[in-house]
**Student:** 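Structure incoming, see below.
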Amino acid sequence: MSTTVVPSQAYVDPAVWPGIAGVPAGARNRIAATIAEKIFSAAVNTLQLRVIHDDGTVLGAPGGGPRPEMRIHRPADFYARLGDNGLIGLGESYMAEDWTASDLTEVLEVFAARAAHLVPVPLQKLRGLYLPKPPRRERNSTANTRSNISRHYDLSNELFALFLDPTMSYSSALFDATGKDLLHVEWHELAAAQQRKIDRLLDQADVGQGTRVLEIGTGWGELALRAAARGATVVSVTLSREQKELAEERVREAGFADRVRVELKDYRLVEGQYDAVVSVEMIEAVGYEFWAVYFQTIDRVLAPGGRVAVQAITLPHERMMATRRTYTWIHKYIFPGGFIPSVRAIEDVTDRYTSLRVRERLSMGDHYAQTLRLREERFLARHDEVAALGFDETFERMWTFYLCYSRAGFQAGYLDVQQLIFDRRP
């Protein structure tokens with residue numbers, strides 16, 4: 001039995017999206033699609049969700065009341081993709097418009113909240129036999145990492161500027177609001193919340209006049225600018241040419257060219273001694289095989305008495321262990337080579353391989369959910385400008401799925417983001 005491919009019924013440019021324009025077919029896929037439909041239907045019938053097929057078939061746990069709706073327009077294509085690639089197929093079928101949702105984030109949040117239980121346990125143990133594995137070309141070796149980073153961060157500075165706040169920060173903000181008030185933060189509050197997040201990291205790392213700072217992962221330069229404004233000197237390393245270009249432009253415009261140096265360099269190649277090392281949501285791009293090297297590098301360049309501030313997206317440890325060799329939709333389309341650590345994994349690695357110790361943690365997952373909500377609203381509102389940059393509707397659906405998928409993870413508590421502070425006190 002062989003797997004073949006037939007054209008999708010949706011319009012997708014096959015030159016740009018060959019994996020979406022075609023639908024898996026053939027005898028083996030028919031079997032896989034049938035199994036996928038049974039697993040999906042059984043899972044959905046335990047969830048507070050309505051899944052409606054265009055022929056009127058309705059799935060979901062019994063009971064009334066409002067619940068998010070997922071509408072499947074092309075069930076044959078949907079289950080063929082799901083059977084071929086598991087949850088990768090869920091995202092690909094959304095990109096192809098095989099299904100839509102009343103509220104995409106709410107639908108994905110229902111799935112995220114039950115992520116560990118959607119597939120029967122016996123089948124979970126067999127995931128390695130039927131799910132794709134991460135390609136070796138995406139392993140974050142020094143030979144591959146620049147390509148992995150470029151595929152995401154070098155898409156277009158103009159694209160990121162359309163939905164990021166004026167600080168061009170691509171990480172969780174830290175809002176002043178708490179509790180229910182946090183659910184209602186607005187766009188005009190986001191830039192200040194990003195600066196609050198950065199300032200807290202700099203405070204915890206004791207960054208001030210004369211401090212030598214290493215930043216691993218430049219972003220578009222906001223942290224380096226705020227460190228320089230305190231009188232610090234900063235070396236910031238990135239593997240994104242687009243980010244380096246814009247960060248250097250912002251540094252020059254701010255008048256800090258004598259205090260900030262942005263280098264196109266792998267973190268493993270950094271030399272020198274620094275009083276503070278700061279890294280914001282970069283460890284997710286390191287890959288679990290290289291976490292020890294990442295922290296050993298920080299340990300090597302940290303001056304005596306220095307402090308480290310790391311902001312990291314985190315997973316529960318059990319889910320991290322269960323998925324560490326899984327190739328996902330996020331890997332394939334958004335962050336090749338990426339992998340999210342657990343707090344326990346970070347503490348284990350630093351305890352085992354370095355002299356660094358975690359001294360403080362701050363959980364900010366609810367703040368990330370609202371950061372992503374604001375970005376999602378901004379991105380959707382700027383459809384025409386996204387199109388004018390040359391990005392087609394399939395890309396827009398992909399990016400929308402990514403933003404909603406991420407927010408759903410934080411809202412469900414499946415994902416968290418932590419600020420972790422390290423030092424070497426005995």
Side-chain angles (χ1 to χ4, degrees), residues 1-14 16-44 47 49 51-54 57 59 70-101 104 107-112 114-120 123-124 126-135 138 322-323 325-336 393-402 404-406 408-409 414:
M1 293 186 294
S2 61
T3 300
T4 57
V5 175
V6 298
S8 169
Q9 297 176 52
Y11 174 72
V12 177
D13 187 342
V16 180
W17 305 99
I20 307 300
V23 180
R28 184 166 64 179
N29 181 261
R30 283 195 294 272
I31 296 171
T34 299
I35 295 171
E37 183 175 3
K38 291 182 183 300
I39 293 173
F40 179 81
S41 299
V44 166
L47 303 177
L49 181 70
V51 176
I52 306 169
H53 293 68
D54 279 0
T57 303
L59 305 174
M70 174 181 180
R71 185 171 288 274
I72 299 178
H73 307 293
R74 289 184 286 272
D77 289 4
F78 175 78
Y79 292 116
R81 296 183 199 273
L82 211 59
D84 187 62
N85 262 330
L87 291 179
I88 293 177
L90 182 71
E92 291 181 332
S93 58
Y94 184 82
M95 292 166 66
E97 284 192 298
D98 295 335
W99 65 277
T100 55
L104 181 57
V107 167
L108 294 174
E109 184 178 353
V110 173
F111 287 124
R114 295 280 297 166
H117 310 285
L118 294 175
V119 176
L123 290 179
Q124 289 186 35
L126 298 174
R127 71 169 70 233
L129 299 178
Y130 64 90
L131 290 180
K133 293 179 173 57
E138 293 182 6
T323 60
R325 292 185 176 88
T326 302
Y327 190 57
T328 68
W329 181 88
I330 286 285
H331 291 136
K332 186 172 181 179
Y333 290 98
I334 306 296
F335 291 114
E393 292 189 1
T394 305
F395 176 90
E396 288 193 50
R397 288 193 295 272
M398 177 189 77
W399 209 257
T400 300
F401 190 85
Y402 154 56
C404 294
Y405 179 95
S406 301
Y414 181 77

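Because the structure is predicted, anything quoted here is derived from the model rather than measured. Numbers here are sequence positions counted from 1.
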**Student:** For a quick test of reading the model, state the closest non-hydrogen atom pair linking Ala80 to Pro24 and the distance between them.
**Tutor:** CB-O, 3.6 Å
**Student:** Start with the C-alpha distance between Val51 and Ile72, add both sets of side-chain angles, then the distance that settles side-chain contact (heavy atoms from CB on, under 4.5 Å), and finish with yes or no.
**Tutor:** CA-CA 7 Å; Val51 176; Ile72 299 178; 3.6 Å; yes
**Student:** Can you name the side chain to side chain donor-acceptor pair (under 3.5 Å) partners of Thr34, sequence neighbours left out?
**Tutor:**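 Result, side chain to side chain donor-acceptor pair (under 3.5 Å) vs Thr34: none returned.
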**Student:** Provide the closest heavy-atom pair for Leu90 versus Leu82 in the form atom of the first, atom of the second, distance.
**Tutor:** N-CD1, 3.7 Å
**Student:** For Thr328 and Ile88, work out which heavy atoms get closest and say how close.
**Tutor:**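 In terms of heavy atoms, the two residues are closest at C-CG1, 3.5 Å.
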**Student:** For the residue pair Leu104 and Thr400, establish whether any side-chain heavy-atom pair is separated by less than 4.5 Å.
**Tutor:**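 Yes, their side chains come closer than 4.5 Å.
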**Student:** Can you see which heavy atom on Ala112 is nearest to which on Ala408, and at what distance?
**Tutor:** CB-O, 4.1 Å
**Student:** Could you grab the distance from atom CD1 of Ile20 to atom CG of Asp98, nearest 0.5 Å is fine?
**Tutor:**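 Interatomic distance, Ile20 CD1 to Asp98 CG, rounded to 0.5 Å: 9.0 Å.
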**Student:** Are side-chain heavy atoms of Tyr327 and Asn85 found at a separation under 4.5 Å?
**Tutor:** no
**Student:** Could you report the tightest heavy-atom contact between Arg81 and Ala96, atom names first, then the distance?
**Tutor:**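 It is NH2-CB, 3.4 Å.
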**Student:** Could you tell me which residues satisfy salt bridge (charged side-chain N to carboxylate O under 4.0 Å, His left out) with Asp54, sequence neighbours excluded, listed by chain and number?
**Tutor:** Arg71
**Student:** Please examine the side chains of Phe111 and Met70, heavy atoms only from C-beta on, and report whether any two atoms are closer than 4.5 Å.
**Tutor:**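 Contact flag for Met70/Phe111 side chains = yes.
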**Student:** Using the salt bridge (charged side-chain N to carboxylate O under 4.0 Å, His left out) criterion, which residues pair with Glu109? Sequence neighbours excluded.
**Tutor:**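 Counting only residues at least two positions away or on another chain, Glu109 forms no salt bridge (charged side-chain N to carboxylate O under 4.0 Å, His left out).
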**Student:** Measure the CD-CG distance between Glu92 and Leu87 for me, rounded to the nearest 0.5 Å.
**Tutor:**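 Reported value, rounded in 0.5 Å steps: 11.0 Å.
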**Student:** Work out which heavy atom in Ala21 is nearest to a heavy atom in Pro14; give both atom names and the distance.
**Tutor:** CB-CA, 3.7 Å
**Student:** Could you pull out all residues at least two apart from Glu393 that satisfy side-chain contact (heavy atoms from CB on, under 4.5 Å)?
**Tutor:** Arg397
**Student:** Residues in side chain to side chain donor-acceptor pair (under 3.5 Å) with Trp17, at least two apart?
**Tutor:** Asp392
**Student:** Under the side-chain contact (heavy atoms from CB on, under 4.5 Å) test, which residues partner Tyr405, sequence neighbours left out?
**Tutor:** Leu108, Ile330, Phe401
**Student:** Not counting sequence neighbours, which residues clear side chain to side chain donor-acceptor pair (under 3.5 Å) with Thr57? List them please.
**Tutor:** Asp55
**Student:** With sequence neighbours excluded, tell me which residues meet ring-ring contact (aromatic ring centres under 6.0 Å, His included) with Tyr333.
**Tutor:**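 Partners of Tyr333 under the ring-ring contact (aromatic ring centres under 6.0 Å, His included) test: Trp329.
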**Student:** Any side-chain heavy-atom pair from His53 and Leu59 closer than 4.5 angstrom?
**Tutor:** yes
**Student:** Measure the CD-CZ distance between Glu37 and Phe78 for me, rounded to the nearest 0.5 Å.
**Tutor:** 9.5 Å
**Student:** Can you list the residues that meet the side-chain contact (heavy atoms from CB on, under 4.5 Å) rule with Ala32, with sequence neighbours excluded?
**Tutor:**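 In terms of side-chain contact (heavy atoms from CB on, under 4.5 Å), with neighbours along the sequence ignored, Ala32 is linked to no residue.
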**Student:** Taking Glu97's backbone N and O only, do any of them form a donor-acceptor pair with Arg74's side chain (distance below 3.5 Å, no angle check)?
**Tutor:** yes
**Student:** List the residues meeting side-chain contact (heavy atoms from CB on, under 4.5 Å) with Ser406, not counting sequence neighbours, and say none if there are none.
**Tutor:**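 side-chain contact (heavy atoms from CB on, under 4.5 Å) list for Ser406, sorted by chain: Leu372, Tyr402.
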**Student:** Between Ile334 and Met398, is the side-chain contact (heavy atoms from CB on, under 4.5 Å) condition met? List the steps.
**Tutor:** CA-CA 9 Å; Ile334 306 296; Met398 177 189 77; 4.3 Å; yes
